[in-house]
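Working notes, structure below.
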Amino acid sequence: MSEQDLRAFYLRYLDDMNAHRTDRMDEFIADRTTLNGEPATRDDLLAVQRATVDAVPDLHWELQELLFDGDRLAARLVNTGTPVKEWLGVTPTGSSFEITEYAIYQVRDGRFVHMTALHDAAGLRRQLTR
């Protein structure tokens, strides 16, 4: 895929993620992938995503930066939301969060085959418990 194709692909993916359209993820995520270096299936990833959106129904990713290197792309995003159910071991307090996420992906045959995401989990918990 060209950089232009990768950009369009990622923006469609992000749009569907922000609309919480997990039923469309087969268009973006390979049946078998890796998440943070561990083998996973698309169904594994979607189960986590659905549980997260259930706990944080207003979860939103805002793209800040998108870079390309061949079949890989890297994104810097700002994630926001307000949990309404227990999430990450924290009972909801009405507190919202805003964190920066760094994500790296590899795309093969038009779908993600490797996905890695990094964010400040301790900072996230601090925001949720204040």
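For clarity, every value in this text was computed on a predicted model and none was experimentally measured.
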Under 3.5 Å: donor-acceptor pair, side chain of H119, backbone of A103
no
In this structure, CZ of R126 is separated from OG of S95 (nearest 0.5 Å) by 13.5 Å
Quick check on D69: does its CG atom have over 12 non-hydrogen neighbours (other residues, nucleotides or ligands) under 6.0 Å away?
no
Could you check whether K85 pairs with D54 (Lys NZ or Arg NE/NH1/NH2 to Asp/Glu carboxylate O, under 4.0 Å)?
yes
Taking D44 for its side chain and T41 for its backbone only, find out whether a donor-acceptor pair lies under 3.5 Å.
yes
Between R111 and D26, is there a side-chain N and carboxylate O pair less than 4.0 Å apart?
no
R32 atom CZ, over 12 foreign heavy atoms within 6.0 Å:
no
Pair T34-M115, side chain to side chain contact (heavy atoms under 4.5 Å, CB included): steps then yes or no:
CA-CA 6 Å; T34 61; M115 305 171 79; over 6 Å; no
CZ of R72 to CZ of F112: how many Å apart, nearest 0.5 Å?
12.5 Å
Between the CD atom in E62 and the CG atom in L77, the distance rounded to the nearest 0.5 Å is 9.0 Å
Work out which heavy atom in P83 is nearest to a heavy atom in P92; give both atom names and the distance.
O-CB, 3.5 Å
Between F97 and W87 (judged by ring centroids, cut-off 6.0 Å), do the two rings come close enough to count as a pair?
yes
Kindly give the heavy-atom pair with the smallest separation between A30 and V113, and that separation in Å.
CB-CG1, 4.0 Å
Under the criterion side chain to side chain contact (heavy atoms under 4.5 Å, CB included), which of Q4, E27, M1 is the partner of F9?
M1
Side chains of V84 and P57, heavy atoms from C-beta outward: is any pair under 4.5 Å?
yes
How long is the span from the CG atom in L88 to the CG atom in L124, to the nearest 0.5 Å?
6.0 Å
Return the minimal non-hydrogen interatomic distance between G70 and L6, and the atom names on each side.
O-CD1, 3.4 Å
How far apart are the closest heavy atoms of L66 and R7, and which atoms are they?
CD2-NH1, 4.0 Å
About how many Å separate CD of Q49 and CG of L59, when rounded to the nearest 0.5 Å?
6.5 Å
For the pair R12 and R24, evaluate side chain to side chain contact (heavy atoms under 4.5 Å, CB included) and give the outcome as yes or no after the intermediate values.
CA-CA 10 Å; R12 283 193 321 274; R24 295 178 46 132; 5.8 Å; no
Do L11 and V107 sit in one hydrophobic cluster, given that two such residues count as connected whenever their side-chain heavy atoms are within less than 4.5 Å of each other, even indirectly?
yes
Apply the test side chain to side chain contact (heavy atoms under 4.5 Å, CB included) to residues N79 and H60: give CA-CA distance (whole Å), side-chain angles for both, the deciding distance (0.1 Å), then the verdict.
CA-CA 6 Å; N79 304 351; H60 182 81; over 6 Å; no
Ring centroid separation Y10 to Y105 under 6.0 Å:
yes
Considering all heavy atoms, the nearest I29-R42 contact:
O-NH1, 2.6 Å
Transitively linked via ILVMFWY side-chain contacts under 4.5 Å: I99 with L63?
yes
Which atom pair, heavy atoms only, marks the closest approach of A40 to L45?
CB-CD2, 4.3 Å
Determine whether I104 and Y13 fall in the same hydrophobic cluster, where Ile, Leu, Val, Met, Phe, Trp and Tyr are linked whenever their side-chain heavy atoms lie under 4.5 Å apart.
no
For the pair R76 and T100, evaluate side chain to side chain contact (heavy atoms under 4.5 Å, CB included) and give the outcome as yes or no after the intermediate values.
CA-CA 7 Å; R76 181 173 56 87; T100 299; 3.8 Å; yes
If you group Ile, Leu, Val, Met, Phe, Trp and Tyr by side-chain heavy-atom gaps below 4.5 Å, do L14 and V78 land in one group?
no
Let me know which of Q106, R108, H114 forms a side chain to side chain donor-acceptor pair (under 3.5 Å) with D71.
Q106
Atom pair OG1 (T116) and CD (E38), whose distance is rounded to the nearest 0.5 Å
10.5 Å
Would the distance check show the side chain of N18 and the main-chain N or O of W61 forming a donor-acceptor pair, the cut-off being under 3.5 Å?
yes
